[in-house]
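Below: one structure, written as structure tokens.
What you see is a predicted model; the values in this text were computed from it and never measured. Worth knowing before you read on, the calculation uses all heavy atoms, side chains too, and leaves out hydrogens, waters and symmetry mates.
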Amino acid sequence: MNIVLTGFMGTGKSTIGKILAQKSAMSFCDIDAIIEKEKGMTIREIFEKFGEPIFRQIEAETIEKISKLDNIIISCGGGAVLNQKNIENLRRNGKIINLYAEPETIYSRVKGDLSRPVLKGSNPSIEDIKALLENRSKFYANCDIRIDTSKITPQEAADKIKVKARG
Ligand code: S3P
């Protein structure tokens with residue numbers, strides 16, 4: 001059984017996923033990192049060169065492949081949940097964890113970061129983040145376990161997931 005981390009950008013998926021993998025003696029797979037490695041380009045370059053629809057197609061193919069593995073922690077990009085096919089593939093052998101954070105917390109974590117094309121460059125406003133979070137809320141709600149990471153450390157979040165995913 002895999003543990004799948006979903007959630008908006010800046011909710012801690014990669015950081016928490018790596019800690020959780022260590023604590024659980026499981027391997028860690030970051031879907032965006034795999035895409036970057038396989039394509040030899042950053043996510044931002046893929047968006048710029050090919051556009052978002054092609055990125056989403058590559059993302060879906062990568063998720064389909066990785067979700068066939070077992071006993072791994074899978075960290076997905078923030079938009080992966082928008083495609084129901086991704087959720088179906090991930091759920092087949094995985095518990096879906098949604099990491100949540102307050103828009104203000106997300107803002108403080110992602111501001112100045114140029115690597116996230118859907119946030120329109122490095123300077124999104126809290127309003128941009130709130131609007132996108134709201135648009136996506138029903139997709140993020142489609143999960144087995146939800147953890148708010150706003151006021152806890154990545155270590156604490158990993159411990160919570162470990163306990164809850166067992167049940
Ligand atoms: C995206 C989130 C990013 C990455 C891409 C699109 C999104 O991943 O997949 O830039 O649509 O929310 P992170 O959530 O790891 O930043």
Side-chain angles (χ1 to χ4, degrees), residues 1-21 24 26-101 103 106 109-110 113 115-120 124 128-149 154 157-158 160-162 164-165:
M1 175 70 76
N2 298 323
I3 294 182
V4 179
L5 301 182
T6 68
F8 201 83
M9 293 160 276
T11 51
K13 300 177 296 276
S14 303
T15 311
I16 293 166
K18 283 177 197 159
I19 296 170
L20 183 60
S24 316
M26 291 166 85
S27 301
F28 174 72
C29 281
D30 184 306
I31 298 295
D32 282 348
I34 293 168
I35 294 173
E36 290 188 331
K37 195 159 175 234
E38 283 184 356
K39 299 292 167 195
M41 298 165 87
T42 64
I43 299 298
R44 186 172 158 212
E45 285 165 347
I46 296 173
F47 266 73
E48 281 169 5
K49 188 151 187 221
F50 303 116
E52 182 168 353
I54 297 290
F55 168 74
R56 295 299 174 198
Q57 203 177 308
I58 300 168
E59 181 180 49
E61 286 162 7
T62 309
I63 287 176
E64 188 175 359
K65 191 171 68 184
I66 296 300
S67 60
K68 290 189 176 127
L69 302 175
D70 191 27
N71 207 34
I72 54 171
I73 313 282
I74 306 174
S75 170
C76 298
V81 296
L82 305 176
N83 181 344
Q84 180 58 25
K85 184 94 196 299
N86 292 341
I87 296 293
E88 281 166 22
N89 280 329
L90 291 161
R91 217 186 263 286
R92 211 164 283 134
N93 185 34
K95 268 220 163 115
I96 312 269
I97 317 291
N98 177 255
L99 300 184
Y100 173 82
I106 292 173
R109 291 178 185 168
V110 303
D113 184 344
S115 70
R116 295 185 162 101
V118 291
L119 287 181
K120 300 185 210 122
D128 291 334
I129 291 169
K130 273 189 188 157
L132 195 53
L133 202 50
E134 175 58 31
N135 271 339
R136 291 179 169 185
S137 59
K138 71 170 191 293
F139 298 98
Y140 290 134
N142 183 10
C143 65
D144 302 312
I145 296 164
R146 190 145 218 233
I147 309 246
D148 187 344
T149 68
K160 275 196 177 193
I161 295 168
K162 207 166 163 234
K164 291 195 180 195

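Side chain of Asn86 to backbone of Ala80: a donor-acceptor contact under 3.5 angstrom is found. For Tyr140 (side chain) and Val81 (main-chain N/O), no donor-acceptor pair under 3.5 Å exists by modelled atom type. No donor-acceptor pair under 3.5 Å is formed between the side chain of Glu36 and the backbone N or O of Thr42. The main-chain N or O of Ile58 is never found under 3.5 Å from a side-chain atom of Glu61 such that the two would form a donor-acceptor pair. In terms of modelled atom types and a separation under 3.5 Å, the side chain of Asp70 and the main chain of Met1 share a donor-acceptor contact. In this structure a side-chain-to-backbone donor-acceptor pair under 3.5 Å is present from Lys13 to Gly7. Of the possible polar contacts, one joining the Thr11 side chain to the Phe8 backbone as a donor-acceptor pair under 3.5 Å is found.
Residues Ile97 and Val4 fail the side-chain proximity criterion, which asks for heavy atoms closer than 4.5 Å. Put simply, the side chain of Pro117 does not reach to within 4.5 Å of the side chain of Glu48, judged on heavy atoms. Proximity of Leu5 to Ile96: side-chain heavy atoms (C-beta onward) are nowhere separated by under 4.5 Å. At a threshold of 4.5 Å between non-hydrogen side-chain atoms, the residues Lys130 and Pro103 count as touching. Looking at Arg146 and Leu99, their side chains never come closer than 4.5 Å, going by heavy atoms from C-beta outward. In this structure the side chain of Ile66 reaches within 4.5 angstrom of the side chain of Ile34, judged on heavy atoms. Two residues are said to be in side-chain contact when any heavy atoms from C-beta on lie closer than 4.5 Å; Met41 and Lys49 meet this criterion.
Within the model, atoms CD1 of Ile161 and CD1 of Ile19 stand 9.5 Å from one another, a figure rounded to the nearest 0.5 Å. Atom CG of Asp148 is separated from atom OH of Tyr100 by 6.5 Å, given to the nearest 0.5 angstrom. The CD1 atom of Ile43 sits 5.0 Å away from atom CD1 of Ile35, with the distance rounded to the nearest 0.5 Å. How far CD1 of Ile72 is from OG of Ser27: 7.5 Å, rounded to the nearest 0.5 Å. Rounding to the nearest 0.5 Å places CD1 of Ile3 at 7.5 Å from CD1 of Ile145. The structure places CZ of Arg92 at 8.0 Å from NZ of Lys68, a figure rounded to the nearest 0.5 Å.
In terms of heavy atoms, Ala101 sits closest to Ile106 at O-CD1, 3.5 Å. Residue Ala158 comes nearest to Leu20 through the heavy atom pair O-CD1, 3.4 Å, listed as atom of the first residue, atom of the second, then distance. Of all the heavy atoms in Ser115 and Arg44, the pair that sits closest is O-CB, 4.4 Å. The shortest non-hydrogen separation linking Gly10 to Val110 is CA-CG1, 3.9 Å. A pairwise comparison of heavy atoms in Cys76 and Ile31 identifies CA-CG1, 4.2 Å as the closest pair. The shortest non-hydrogen separation linking Ser67 to Asn93 is O-CB, 4.4 Å.
Ring geometry for Phe47 versus Phe55: interplanar angle of 30 to 60°, hence tilted.
With no hydrogens or angles considered, a side-chain donor-acceptor pair links Thr149 and Arg109 at under 3.5 Å. A donor-acceptor contact closer than 3.5 angstrom is absent between the side chains of Asn71 and Asn2.
The existence of a salt bridge linking Arg91 and Asp144 is confirmed by a sub-4.0 Å separation between a basic side-chain nitrogen and an acidic carboxylate oxygen. Looking at Glu59 and Arg56, a side-chain N of the basic residue comes within less than 4.0 Å of a carboxylate O on the acidic one, giving a salt bridge. Lys65 has a carboxylate O that lies under 4.0 Å from a charged side-chain N of Glu38, or vice versa, which qualifies the two as a salt bridge.
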Problem - Stepwise side chain to side chain contact (heavy atoms under 4.5 Å, CB included) test for Leu132 and Leu119 - result: CA-CA 9 Å; Leu132 195 53; Leu119 287 181; 4.3 Å; yes

Exercise for the section: Could you check Lys85 against Glu64 for side chain to side chain contact (heavy atoms under 4.5 Å, CB included), going step by step and ending with a plain yes or no? Expected result: CA-CA 9 Å; Lys85 184 94 196 299; Glu64 188 175 359; 4.3 Å; yes

Exercise for the section: Just do the side chain to side chain contact (heavy atoms under 4.5 Å, CB included) check on Leu90 and Ile63 with the steps written out, would you? Expected result: CA-CA 7 Å; Leu90 291 161; Ile63 287 176; 3.6 Å; yes

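When the shell of 6.0 Å around CD of Gln84 is examined, it contains more than 12 heavy atoms from other residues, nucleotides or ligands.
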